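The shown structure was predicted, so the numbers you read here are calculated from the model rather than taken from an experiment. Proteins get letters first, then strands, A, B, ... in listed order; numbering begins at 1 in each.
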Protein chains: 2
Amino acid sequence: MSHMGYGCLMAVDREHVLRSAAALLTRKSTATMDEVAKAAGISRATLHRQFAGRDALVRALEALGIAECEAALDAARLDEGSASDAVRRLVREIEPAAGLLSFLYTENQLFEGEEQNAGWARLDARVSALFRRGQDSGEFRIDLTPAWLTEALYGLIAAGAWSVHDGKVAANDFQNMIVELLLGGATRREES
Amino acid sequence: MSHMGYGCLMAVDREHVLRSAAALLTRKSTATMDEVAKAAGISRATLHRQFAGRDALVRALEALGIAECEAALDAARLDEGSASDAVRRLVREIEPAAGLLSFLYTENQLFEGEEQNAGWARLDARVSALFRRGQDSGEFRIDLTPAWLTEALYGLIAAGAWSVHDGKVAANDFQNMIVELLLGGATRREES
DNA sequence: CTAGTGTGAGACAAGAATGTCTCACATGGG
DNA sequence: CCCATGTGAGACATTCTTGTCTCACACTAG
């Protein structure tokens with residue numbers, strides 16, 4: 001029967017294809033559909049049966065990235081404890097998705113004309129709310145807008161992912177480098 | 001005679017074409033040679049006479065970006081005064097080139113295979129030296145490597161340029177947002 | 001006026017990537 | 001055993017971009 005294996009087998013295959021495509025496109029953002037198919041171990045025909053075209057594939061990757069980000073936001077429990085600790089948890093949880101994120105980050109720069117996925121707006125709102133909470137509690141300075149702190153976080157994650165990829169930063173330092181710079185800045189301060 | 005107007009007229013035309021191409025590609029990094037030519041007010045044939053191909057154009061833009069960065073580094077007098085003030089001057093001087101920089105920044109991500117222009121290495125070295133000077137003087141914390149601070153600066157400049165482009169950050173705040181986050185971080189501190 | 005030079009417009013072929021299609025093969029259930 | 005479904009391989013047309021070429025036109029110096 002067609003409605004049997006369809007729901008379960010296709011799902012895991014689709015998941016596997018998406019993971020492979022993410023891993024490949026993270027390293028080579030201009031990879032061909034043929035290369036993506038080979039990386040996933042399937043033929044171009046099958047790839048094209050699952051994703052109508054390159055656009056559909058990128059959209060699916062976007063949805064995957066959004067889902068992973070939302071899962072990271074959930075796991076980070078942004079509402080609990082101090083805002084600083086929440087930011088630390090957020091970066092820790094989001095690190096596995098950093099490669100995919102940096103790919104989507106630059107990819108979105110050339111989708112400027114079209115409307116962006118509503119999921120990004122939701123993520124932006126949640127992260128912005130975290131920074132705003134930190135400002136309201138007196139923990140964060142108020143002269144940097146939550147919108148900018150959110151964008152800066154994305155930019156630092158992308159820069160961190162590329163730095164690790166280029167070997168300029170040790171993979172183990174990824175979290176600390178981002179969190180410490182974002183929270184504490186470069187200037188030395190007296191430990192209290 | 002041909003060897004007369006060649007040195008002077010071609011130079012200014014080339015400069016104009018490069019500026020136009022930079023302005024266009026900053027907004028739409030996938031612009032066609034035809035679009036680049038139209039943006040510069042010349043025909044595709046003439047564009048192709050000045051730049052052998054798209055690669056040559058990008059290389060020339062890269063050289064332009066490097067030259068502007070080096071000019072900014074010179075103007076910022078990185079060796080004078082405190083490292084913090086030097087960083088402030090650097091961001092201020094580099095702001096006009098931020099758009100071009102962010103374009104080249106993402107463009108270089110997909111040149112991963114090829115060797116990068118030696119100019120970038122020189123710039124990295126100069127900026128790294130600035131952060132190292134701040135560390136040696138006790139001004140900057142030593143747990144963030146100069147290499148990471150340099151990459152983070154690039155990432156923040158790109159993020160700032162895109163944020164301004166998307167209207168998420170006011171253009172007037174560009175310098176402050178970057179400098180304050182890079183130097184001071186998000187955490188509030190007592191003013192001394 | 002005339003020759004030389006640079007430019008714009010457009011035709012043209014080459015190449016790459018995409019989207020679509022067909023066909024043969026394997027596998028798994030009836 | 002037989003059939004249906006999904007897959008791989010490959011051919012094919014299409015589209016887009018690029019690089020090259022030719023030709024006509026404007027301008028300018030001699």
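For the pair His48(B) NE2 and dT20(D) P, the interatomic distance rounds to 5 Å; values are reported in whole Å. As rounded to whole Å, 16 Å separates atom P of dG10(C) from atom CD1 of Ile42(B). Between the C1' atom of dG19(D) and the CD atom of Gln50(B) lies a distance of 16 Å, rounded to the nearest Å. The distance from atom CG of Leu57(B) to atom C1' of dG19(D) is 14 Å, rounded to the nearest whole Å. Rounded to whole Å, the distance from CE on Met33(A) to C1' on dT15(D) is 16 Å. If you take CG of Asp13(A) and P of dT7(D), they are 7 Å apart, rounded to a whole angstrom. Atom pair Arg49(A):CZ and dT22(C):C1' shows a separation of 11 Å (rounding to whole Å applied). Straight-line distance from the CG atom of Leu47(A) to the P atom of dG19(C): 10 Å, rounded to whole Å.
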Worksheet item: Could you go step by step and tell me if Glu107(B) and Ser29(B) meet the side-chain hydrogen bond (donor to acceptor under 3.5 Å, both in side chains) rule?
Response: CA-CA 8 Å; Glu107(B) 196 77 3; Ser29(B) 59; 5.3 Å; no
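In this model, the phosphate group of dA17(C) is approached by a side-chain N or O of Thr32(A) to a distance below 4.0 Å at OP1 or OP2. At the phosphate of dA9(C), neither OP1 nor OP2 sits under 4.0 Å from any side-chain N or O atom of Ser43(B).
When all heavy atoms of Arg89(B) and Arg77(B) are compared, the closest pair comes out as NH2-O, 2.9 Å.
Along DNA chain D, the nucleotide closest to Asp55(B) and the one closest to Ala45(A) are compared, and the more 5′ of them pairs with Ala45(A). Taking for each of Arg44(A) and Glu35(B) the nucleotide of DNA chain D with the nearest heavy atom, the 5'-most of the two is the partner of Arg44(A).
Using a 4.0 Å heavy-atom distance criterion, Arg54(A) is classed as a sugar-phosphate-only contact.
Salt bridge annotation for Arg133(A)-Asp136(A): absent, with no cationic side-chain nitrogen under 4.0 angstrom from a carboxylate oxygen.
Separation of the Phe103(B) and Trp162(B) ring centroids does not fall under the 6.0 Å cut-off.
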